[in-house]
Amino acid sequence: MKKECIAMLLAGGQGSRLYVLTSNVAKPAVPFGGKYRIIDFPLSNCTNSGIDTVGVLTQYKPLELNSYIGSGQPWDLDRLNGGVHILPPYMREGDKGTWFKGTANAIYQNIGFVDMYDPEYVVILSGDHIYKMNYDKMLEAHKAAGAACTISVLEVPWDEASRFGIMAVDGENNIVEFQEKPKQPKSNLASMGIYIFTWQKLRQALIADEADPNSSNDFGKNIIPNFLAAGEKMIAYRFDGYWKDVGTLESLWDANMDMLSRGDLDLLEDSWPIYARLSSDPPAYIGKTSLVEHSVVTQGCEITGTVKNSVLSHGARVEDGAEVHYSVLMPGVTVKRGAVVRYAILGENCQVEAGAVVGGDPESCDPEEWGITVLGPNSTIAAGEVVKPKTMLNSEHQEVSR
């Protein structure tokens, strides 16, 4: 069962900054781009990179995510030797069991799983980023440098650098300093949360970290600084493609709009497909009274109204006279006759009744009062009701503050 490299995918995050959209599902299970879930991107990257063994570490409300992943067949990860494995926290002999205390502790609790495949290298991934990346090229750089740890980095604007873990490097991309969300960053090379470790080095570090009662058991706060302090060979792997952490409502909306532009995030290209578990919905229907411009319309959609610059997931309906502009409609959303939706994210199975208005244009609002309007899954907006821009409602129609 020995593998040269396996992946460990951290998918247990609550996604609290997505508020009502993650009230009942883990962030990696949130719909994206019409036909996908966020977790489809790292899983597809693994398959396309030749990594056929993936451990998915779940924790927060994992039922829908576990069901979605299933046997791993959509990503060609239903293997007898390897494949995808769901790895929740579990009770170990001699203790009462515990949730994952941090990202490093999550891997520590699954040392036995990794050892079962006896890999030379382990890729640590996050389940809540939208990007396409060839991990095999990163692994080649790791091996060529003889590194103990390789961290994928991306140049970010200097005014955003304080939001990230920042790497300072020398002329050969050796990491010489690491700053976790610094107030005064010395570099704009931000960690993408994608690591490759030589497994035996990481294994020793995880055991030592777990024995430290003062540790936060986190890669960014503990493991990476400890590797650096110990003088381990650490290199930065520069990534210049599209990458977005969709951990906020605004970034999730932005990433959907980026997909429409078909620039750096082009999901129609054949060379690096993103796989997904497809629904059994019928083909999309676009009526003769409809107007659809610059939008994604997924199978099972029924449109007889107007849709512009928007992303519609499977089973969405836009009725006669209804308008949807610059919005993201998740699976099963219905916008009824004469309703208008602008600059909004509508969670799964939302219903906007006839004549209602949800959101608004930034040009017609005070900048302080405008923002993306968000309806949580299973919300209903009454006929004729007006939901102002920047409002966020849960399924009980209660306003939630951001």
As a quick check of understanding, evaluate side-chain hydrogen bond (donor to acceptor under 3.5 Å, both in side chains) for Glu293 and Asn309, giving each step before the final call.
CA-CA 6 Å; Glu293 292 181 357; Asn309 302 299; 5.9 Å; no

Aromatic centroids of Tyr68 and Trp75 separated by under 6.0 Å
yes

Where Met133 and Trp272 come nearest, the two heavy atoms and their spacing:
O-CZ2, 3.1 Å

Nearest heavy-atom approach of Glu232 to Ala148 is OE1-CB, 3.8 Å

Any side-chain donor-acceptor pair under 3.5 Å between Glu348 and Asn378?
no

If we count only N and O atoms by modelled type, under 3.5 Å, do the side chains of Tyr108 and Asn217 hold a donor and an acceptor together?
no

Side-chain ion pair, Glu269 and Lys132, N-O less than 4.0 Å:
yes

Approximate separation, where rounding is to 0.5 Å, of Gln179 CD and Lys186 NZ
5.5 Å

Between Arg337 and Glu319, does at least one N-O distance fall below 4.0 Å, as a salt bridge requires?
no

Among Val341, Val324, Asn256, Val328, which one satisfies side-chain contact (heavy atoms from CB on, under 4.5 Å) with Ser310?
Val324

Contact summary for Ile224 and Cys149, nearest pair of heavy atoms:
CD1-SG, 4.1 Å

Ring-plane angle category for His129 and Trp243, please: parallel below 30°, perpendicular beyond 60°, tilted otherwise.
perpendicular

Derivation and outcome, side-chain hydrogen bond (donor to acceptor under 3.5 Å, both in side chains), residues Thr248 and Ser251
CA-CA 5 Å; Thr248 66; Ser251 63; 2.9 Å; yes

Before we go on, tell me: are the rings of Phe197 and Phe227 under 6.0 Å apart, centre to centre?
yes

Please identify which of these residues, Ile107, Leu57, Ile6, meets the side-chain contact (heavy atoms from CB on, under 4.5 Å) condition with Phe113.
Ile6

Quick one: do Lys101 and Asp218 make a salt bridge, cutoff under 4.0 Å?
no

Look at Glu120 together with Lys143 and state whether they make a salt bridge at an N to O cut-off of under 4.0 Å.
no

Would Arg37 and Phe32 count as a cation-pi pair here, with the cationic atom under 6.0 angstrom from the ring centre and within 45° of the axis?
no

Derivation of the ring-ring contact (aromatic ring centres under 6.0 Å, His included) call for Tyr343 and Trp370
CA-CA 10 Å; Tyr343 289 87; Trp370 184 84; 5.5 Å; yes

Is a side-chain donor-acceptor pair under 3.5 Å present for Asp209 with Ser215?
yes

Verify whether one side chain among Trp199 and Asp118 offers a donor that lies under 3.5 Å from an acceptor in the other.
no

Gap between atom CZ of Arg203 and atom CD1 of Ile111 - 0.5 Å precision
5.0 Å

Nearest heavy-atom contact between Gln59 and Pro62 is O-CD, 3.5 Å

Note: Arg342-Glu323 ion pair, threshold 4.0 Å (strictly below):
yes

So, Lys390 and Glu368, do they make that salt bridge, N to O below 4.0 Å?
no

Residue that, paired with Val56, satisfies side-chain contact (heavy atoms from CB on, under 4.5 Å) out of Leu10, Ile69, Asn66
Ile69

Here the gap from Leu9 atom CG to Leu43 atom CG, rounded to the nearest 0.5 Å, amounts to 5.5 Å

Parallel, tilted or perpendicular: which fits the ring planes of Phe239 and Tyr131, with parallel below 30° and perpendicular above 60°?
perpendicular

Verify whether one side chain among Asp320 and Thr304 offers a donor that lies under 3.5 Å from an acceptor in the other.
yes

Between CG on residue Leu268 and CE on residue Met259, distance to nearest 0.5 Å
8.5 Å

